[in-house]
Asker: 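If you scroll down you'll find the structure; I have some questions about it.
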2 protein chains.
Amino acid sequence: MNDKKRILLVEDDPNFGIILRDFLNMNDYDVVLAKNGMEGFEKFKKYDFHICILDVMMPYKDGFTLVGEIKEINQDIPIIFLTAKSLKEDVLKGYKIGADDYLKKPFDSDVLLYKIKAILKRNKLSSILDTDEHEFKFSSFEFNSKLRHLKFKDNKHTKLSPKENMLLKMLLLHKNDLMPRELALTRIWRDDNYFTSRSMDVYIAKLRKQLEIDPNVKINNIHGEGFRLVSD
Amino acid sequence: MNDKKRILLVEDDPNFGIILRDFLNMNDYDVVLAKNGMEGFEKFKKYDFHICILDVMMPYKDGFTLVGEIKEINQDIPIIFLTAKSLKEDVLKGYKIGADDYLKKPFDSDVLLYKIKAILKRNKLSSILDTDEHEFKFSSFEFNSKLRHLKFKDNKHTKLSPKENMLLKMLLLHKNDLMPRELALTRIWRDDNYFTSRSMDVYIAKLRKQLEIDPNVKINNIHGEGFRLVSD
DNA sequence: TCATATGTTAACGATAGGTTAAATTAATTA
DNA sequence: TAATTAATTTAACCTATCGTTAACATATGA
């Protein structure tokens with residue numbers, strides 16, 4: 001139930017990055033470390049984080065640019081900037097772009113921990129109340145991913161299990177398009193191995209059974225790639 | 001609806017306090033200035049604020065003590081500390097006690113503005129729950145959460161216990177929608193662990209018993225997520 | 001054709017929830 | 001202040017739900 005919180009840490013100084021990652025690990029966070037903005041964005045798209053800690057000055061893609069891209073995908077994710085410079089314009093730019101906090105290096109690691117806690121706490125309510133997209137319509141189905149309800153025409157709704165629910169949502173987010181295996185595995189199962197993969201296949205079968213009332217909806221396999229929900 | 005946000009500013013240095021108040025006023029906030037912790041607490045009880053900005057070092061009652069008292073009344077209100085000293089222990093103490101941010105004097109006023117904005121943005125959603133609504137009608141029930149009265153049709157009303165009352169209110173604020181376990185636990189029980197969770201289940205059972213006279217009202221469980229009161 | 005990927009079902013263990021009653025704590029009242 | 005009552009927590013026992021895994025079947029592509 002109380003999973004560890006996942007942090008994306010983007011820091012180009014490898015020594016500092018690794019030390020900080022280990023420190024956060026020791027304090028019960030799951031940390032993914034990326035060593036530049038490019039890599040940071042790739043990791044961000046691939047996994048699902050609760051908070052991002054970004055260095056401002058990095059080669060290829062600086063922290064500000066990265067935040068812009070991140071916020072396009074998820075505008076609610078909290079951001080903490082780390083920076084060596086403390087120019088007023090930079091600080092303001094950071095806040096303007098949607099940062100939640102700003103730490104000047106060198107900073108005290110305990111302070112960082114508390115800032116993380118404070119921010120996650122603040123964000124907890126809004127994530128609990130989570131107002132975004134839960135309602136999907138496809139063919140003759142109505143699907144509410146918040147209530148985990150699937151309804152066909154005027155039938156009574158069926159209840160979906162959490163995994164069924166997430167998987168269906170993910171398929172629908174890629175409706176008529178490939179939903180890569182890997183994506184569902186890393187997002188829903190948070191691990192990509194033989195067993196999670198088989199587990200996912202079981203859930204695909206369960207979903208197919210739920211959807212078979214409607215001949216216009218199919219979940220097709222794309223061998224070695226993933227699945228595709230075709231509809232409408 | 002789009003009222004100005006109200007700030008409680010507690011600052012013992014009168015010159016600085018007035019300047020800061022005026023600055024915030026100019027930036028479209030309603031500010032109440034108190035010149036020490038005592039007065040701050042009086043003002044806090046008297047009015048309703050969106051955010052508190054507190055000096056740490058003050059005569060009579062310091063910022064930490066004041067926060068303790070404030071959080072007893074409203075644990076969700078965001079707090080920003082202002083301080084001249086930047087001792088690590090003080091900063092940590094601030095966060096531990098529930099501060100949302102910490103500004104070291106002298107600070108840049110624009111930075112303060114952005115911090116306020118960032119924090120209010122995060123807290124926006126929680127205001128959904130800060131309703132003073134206390135009369136509810138659902139199906140054949142009338143419920144007054146101020147009096148803790150629940151009435152079915154023309155029957156005499158039943159009196160609910162404080163916890164029953166809060167839980168029912170919370171369910172009704174989310175009528176026909178998910179009321180997350182975590183939300184009730186953090187807001188009513190102020191803690192989220194095995195025992196509070198079981199305690200909540202007991203209260204759900206009590207409420208179900210109260211509501212069972214009416215076949216059109218149900219409290220459904222959404223496994224692992226929370227409860228949903230369906231009605232009307 | 002053979003290794004690998006996927007389809008499907010069923011069984012099992014783990015955890016969440018339903019409910020009642022006893023035990024504990026808090027609030028009232030004598 | 002002691003006695004009484006109300007409110008809440010904890011324990012106990014039971015059921016429902018969920019996810020994983022094993023087992024066996026079929027499909028795919030080199």
Side-chain angles (χ1 to χ4, degrees), chain A residues 1-3 145 147-150 157-171 178-212 217-230, chain B residues 72 145 147-150 157-171 178-185 187-212 217-229:
Chain A
M1 178 96 194
N2 262 334
D3 250 11
S145 67
L147 301 176
R148 305 206 314 248
H149 283 173
L150 179 64
H157 67 249
T158 347
K159 294 196 268 184
L160 298 182
S161 87
K163 287 256 149 86
E164 288 171 326
N165 184 64
M166 282 192 276
L167 189 54
L168 179 55
K169 183 175 179 182
M170 196 143 271
L171 286 164
L178 171 69
M179 194 280 298
R181 281 192 95 80
E182 213 202 343
L183 187 68
L185 289 172
T186 52
R187 289 259 165 96
I188 302 178
W189 277 265
R190 308 209 162 279
D191 195 5
D192 179 356
N193 60 46
Y194 173 77
F195 290 108
T196 54
S197 193
R198 292 322 328 271
S199 190
M200 172 170 165
D201 290 331
V202 170
Y203 276 91
I204 290 287
K206 290 183 183 179
L207 284 181
R208 284 193 176 121
K209 198 169 274 175
Q210 297 266 2
L211 301 175
E212 73 189 353
V217 178
K218 287 272 174 296
I219 298 177
N220 296 328
N221 174 253
I222 297 167
H223 197 86
E225 302 288 332
F227 294 91
R228 187 164 83 122
L229 187 149
V230 285
Chain B
E72 257 179 51
S145 66
L147 301 171
R148 308 206 313 252
H149 284 175
L150 179 65
H157 70 251
T158 346
K159 178 114 178 160
L160 299 181
S161 86
K163 289 255 151 86
E164 288 171 325
N165 182 64
M166 282 192 276
L167 189 54
L168 179 55
K169 180 176 180 183
M170 197 142 268
L171 285 164
L178 171 68
M179 195 282 297
R181 282 192 94 80
E182 243 195 304
L183 187 66
L185 290 173
R187 294 190 68 105
I188 301 178
W189 277 265
R190 283 155 190 249
D191 195 6
D192 178 357
N193 60 48
Y194 173 78
F195 290 108
T196 53
S197 194
R198 292 324 323 267
S199 189
M200 171 170 166
D201 290 331
V202 171
Y203 275 91
I204 289 288
K206 290 183 182 182
L207 284 181
R208 284 193 175 122
K209 201 167 274 174
Q210 297 266 2
L211 301 175
E212 74 189 353
V217 178
K218 288 271 174 297
I219 298 178
N220 294 330
N221 174 253
I222 297 172
H223 196 95
E225 302 287 336
F227 294 92
R228 174 172 177 249
L229 187 149

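By convention in this document, chain letters (A, B, ...) are assigned in the order of the sequence lines, proteins followed by strands, and residues within each chain are numbered from 1. Small disclaimer: the values here were computed from a predicted structure and weren't measured.
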Asker: Supply the atom-to-atom distance A:Lys159 NZ to A:His149 NE2, rounded to the nearest 0.5 angstrom.
Answerer: 7.0 Å
Asker: Could I get the full list of side-chain contact (heavy atoms from CB on, under 4.5 Å) partners for A:Glu182, not counting sequence neighbours?
Answerer: A:Lys46, A:Asp192
Asker: May I have the distance from A:Lys218 (atom NZ) to C:dG7 (atom P), rounded to whole angstrom?
Answerer: 13 Å
Asker: Just N and O in the side chain of B:Lys209: are any of them under 4.0 Å from OP1 or OP2 of C:dG18?
Answerer: no
Asker: Walk along nucleotides 4-17 of chain D from 5' to 3' and tag each nucleotide B, S or - by protein heavy-atom contact under 4.0 Å, base first, then sugar-phosphate.
Answerer: ---SBBBSB----S
Asker: B:Met166: what forms a side-chain contact (heavy atoms from CB on, under 4.5 Å) with it, not counting sequence neighbours?
Answerer: B:Ile188
Asker: What is the distance, to the nearest angstrom, from the CD atom on A:Glu182 to the C1' atom on C:dT6?
Answerer: 18 Å
Asker: So do the side chains of A:Leu229 and A:Leu207 get within less than 4.5 Å of each other, counting heavy atoms only?
Answerer: no
Asker: Among all residues two or more places apart in sequence or in another chain, which pass the side-chain contact (heavy atoms from CB on, under 4.5 Å) test with B:Arg208?
Answerer: B:Ile204, B:Ile219, B:Asn221, B:Phe227
Asker: Just how large is the angle between the end axes of the helix from C:dT1-D:dA30 to C:dA30-D:dT1, five pairs per end, to 10 degrees?
Answerer: 40°
Asker: Within this structure, what is the CG-to-P distance between B:Leu207 and C:dG17, rounded to whole angstrom?
Answerer: 16 Å
Asker: Just checking A:Asp201: base, sugar-phosphate only, or nothing, at a heavy-atom cut-off of under 4.0 Å?
Answerer: base
Asker: Write down the distance between CG (A:Asn165) and C1' (D:dG19), rounded to a whole number of angstrom.
Answerer: 15 Å
Asker: How many whole angstroms separate atom CZ of A:Arg208 from atom C1' of C:dT8?
Answerer: 10 Å
Asker: Without swapping roles, check the side chain of A:Thr196 against the backbone of A:Asp191 for a donor-acceptor pair under 3.5 Å.
Answerer: yes
Asker: Write down the distance between CG (A:Leu185) and C1' (D:dG19), rounded to a whole number of angstrom.
Answerer: 14 Å
Asker: Between C:dT8 atom C1' and A:Asn221 atom CG, what is the distance in whole Å?
Answerer: 14 Å
Asker: Hey, which sits more toward the 5' end of DNA chain C by its nearest nucleotide, B:Ser197 or A:Glu225?
Answerer: A:Glu225
Asker: Using only side-chain N and O atoms of B:Arg181, determine if any of them is under 4.0 Å from OP1 or OP2 of C:dG17.
Answerer: yes
Asker: Any sub-3.5 Å donor-acceptor pair from B:Ser145's side-chain atoms to B:Lys169's backbone N or O?
Answerer: no
Asker: Taking side-chain contact (heavy atoms from CB on, under 4.5 Å) as the test, write out the residues that go with B:Ser199, two or more places apart.
Answerer: B:Trp189, B:Tyr203
Asker: Rounding to a whole Å, what distance do you find between A:Leu211:CG and C:dG7:P?
Answerer: 14 Å
Asker: Quick check: does any side chain N or O of B:Arg148 sit under 3.5 Å from a backbone N or O of B:Glu164, one acting as donor and the other as acceptor?
Answerer: no
